[in-house]
Chemist: 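What follows is a single structure, and I will ask about it in a moment.
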Amino acid sequence: MLNVNANEDGLRFSVSTMSGALTADWPLWVQVEGSRSADPIGDTEYLIGTIGGHHRLSDTLYLGAMLQVDHVARNDGIGRIEGSGWLAGPYVVGRLPDHPLYFEGRLLWGASRNTISPFGSYSDRFNTERMLALARITGEVALGDVRLMPIFAASHTTDRQRAYTDSLGNVVGTQDIALTRVELGLDVRWPVVLGVSEWIWVSGT
């Protein structure tokens with residue numbers, strides 16, 4: 001599946017595919033997303049690619065492994081910063097056997113290599129170690145013809161920058177960044193009949 005969205009501020013695209021199987025028991029999937037945007041103070045480029053495969057433990061439970069690589073660059077006309085990194089680890093997806101409650105979880109570890117040129121005259125390089133933990137639950141409730149799909153998601157990321165000495169001889173110490181996010185949402189779907197055709201109206205928060 002290919003999606004492309006372009007406007008005067010930039011370009012965004014995504015590509016995803018699922019193969020028949022990596023082996024008979026391990027289907028393989030690939031997803032690539034990217035964007036390029038411009039604003040009054042600079043340009044930003046972003047690209048992320050993910051590949052994974054999973055094994056069916058039961059009719060309602062799958063266990064897999066995935067690898068994600070990414071690249072981001074930001075140019076503000078004077079300086080530039082860019083970095084490339086990776087994350088890898090296991091994931092699980094499934095649903096309850098007797099209820100339309102779906103769940104997903106992943107735990108990934110990785111690293112990144114970064115270059116910063118604050119004034120456009122010299123470049124410094126530094127590395128980071130990072131982790132991502134994510135959990136998502138989606139339900140489905142039928143009220144007549146209307147279907148409600150509540151969504152709960154939580155994620156926690158950490159990024160530890162190793163100490164380094166910049167080109168001016170300054171020692172930049174170790175820095176730790178952590179971010180936790182919790183999301184609540186609700187999608188609503190209901191049929192709308194227009195003439196002889198039936199459409200599905202989708203709304204969400």
Side-chain angles (χ1 to χ4, degrees), residues 1-3 5 12-19 22 25-35 37 44-74 81-97 99-114 127-141 147-162 174-189 202-205:
M1 181 174 63
L2 172 64
N3 293 313
N5 183 14
R12 180 182 299 272
F13 74 92
S14 65
V15 180
S16 60
T17 183
M18 172 76 79
S19 76
L22 177 60
D25 298 323
W26 284 86
L28 179 71
W29 56 270
V30 177
Q31 184 174 6
V32 179
E33 298 181 31
S35 66
S37 61
T44 302
E45 300 173 357
Y46 180 68
L47 182 66
I48 180 171
T50 309
I51 183 172
H54 53 259
H55 177 68
R56 187 178 72 173
L57 300 179
S58 70
D59 291 339
T60 58
L61 185 62
Y62 296 81
L63 178 65
M66 59 185 291
L67 170 65
Q68 176 179 297
V69 294
D70 60 85
H71 178 78
V72 62
R74 172 71 179 175
I81 182 170
E82 62 180 306
S84 299
W86 60 273
L87 285 164
Y91 69 90
V92 60
V93 294
R95 66 173 177 83
L96 295 185
H99 193 278
L101 182 67
Y102 301 87
F103 57 87
E104 172 191 357
R106 63 183 66 173
L107 185 58
L108 310 177
W109 297 268
S112 71
R113 302 183 66 179
N114 308 274
N127 300 328
T128 72
E129 300 170 349
R130 52 188 183 172
M131 182 274 293
L132 167 65
L134 179 146
R136 178 182 288 111
I137 299 174
T138 305
E140 184 173 321
V141 179
R147 293 188 177 274
L148 306 179
M149 288 165 288
I151 301 169
F152 170 80
S155 64
H156 179 71
T157 60
T158 62
D159 206 324
R160 182 179 179 85
Q161 174 199 294
R162 299 176 184 174
T174 300
Q175 301 183 61
D176 292 300
I177 300 174
L179 175 64
T180 300
R181 297 183 60 184
V182 176
E183 302 176 32
L184 293 173
L186 178 66
D187 287 344
V188 182
R189 297 185 180 183
V202 180
S203 178
T205 59

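Every heavy atom of this structure was used, including side-chain atoms; hydrogens, water molecules and symmetry mates were not.
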Chemist: Does the side chain of Ile81 come within less than 4.5 Å of Asn114's, by heavy atoms?
Modeler: no

Chemist: Quick one: do Leu47 and Val32 satisfy side chain to side chain contact (heavy atoms under 4.5 Å, CB included)? Show the steps, please.
Modeler: CA-CA 8 Å; Leu47 182 66; Val32 179; 4.0 Å; yes

Chemist: Between Glu129 and Arg160, does a salt bridge (charged side-chain N to carboxylate O under 4.0 Å, His left out) hold up when you go through it step by step?
Modeler: CA-CA 5 Å; Glu129 300 170 349; Arg160 182 179 179 85; 5.2 Å; no

Chemist: In Å and rounded to the nearest 0.5 Å, what is the CZ to CD distance from Arg74 to Glu45?
Modeler: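 Arg74 atom CZ to Glu45 atom CD measures 11.0 Å (nearest 0.5 Å).
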
Chemist: Identify the heavy atoms of Leu132 and Ser155 that sit nearest to each other, and give their distance.
Modeler: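 Looking at all heavy atoms of both residues, the shortest contact is CD1-CB, 4.5 Å.
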
Chemist: Which heavy-atom pair separates Trp109 from Trp86 by the least distance, and what is that distance?
Modeler: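 Taking every non-hydrogen atom into account, O-CZ3, 3.3 Å.
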
Chemist: Test side chain to side chain contact (heavy atoms under 4.5 Å, CB included) on Asp176 and Thr158; report intermediate values, then the result.
Modeler: CA-CA 7 Å; Asp176 292 300; Thr158 62; over 6 Å; no

Chemist: Mark yes when over 12 heavy atoms from residues, nucleotides or ligands other than Arg95 sit less than 6.0 Å from its CZ; otherwise mark no.
Modeler: yes

Chemist: At their closest point, which heavy atom of Thr180 faces which heavy atom of His156, and how far apart are they?
Modeler: OG1-ND1, 2.7 Å

Chemist: Indicate every side-chain donor-acceptor pair of residues 63-73 with a distance under 3.5 Å to a residue at least two apart or in another chain.
Modeler:
unit_1	atom_1	unit_2	atom_2	d
Asp70	OD2	Arg130	NH2	2.7
His71	ND1	Gly83	O	3.3
His71	ND1	Ser84	OG	2.7

Chemist: Among Leu107, Leu87, Leu108, which one satisfies side-chain contact (heavy atoms from CB on, under 4.5 Å) with Met131?
Modeler: Leu107

Chemist: Do Leu134 and Thr157 have side chains that approach each other closer than 4.5 Å (heavy atoms only, starting at C-beta)?
Modeler: no

Chemist: Nearest 0.5 Å please: distance from the CD atom of Gln161 over to the CD1 atom of Ile177.
Modeler: 7.5 Å

Chemist: Apply the test side chain to side chain contact (heavy atoms under 4.5 Å, CB included) to residues Tyr102 and Val93: give CA-CA distance (whole Å), side-chain angles for both, the deciding distance (0.1 Å), then the verdict.
Modeler: CA-CA 8 Å; Tyr102 301 87; Val93 294; over 6 Å; no

Chemist: Once you round to the nearest 0.5 Å, how far does CD1 of Ile137 lie from CG of Leu96?
Modeler: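 One finds 9.0 Å between CD1 of Ile137 and CG of Leu96.
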
Chemist: To the nearest 0.5 Å, what is the distance between CG on Leu148 and CZ on Arg189?
Modeler: 12.0 Å

Chemist: Give me the atom names and distance for the closest heavy-atom approach of Ile151 to Arg136.
Modeler: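 Taking every non-hydrogen atom into account, CG2-CG, 4.4 Å.
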
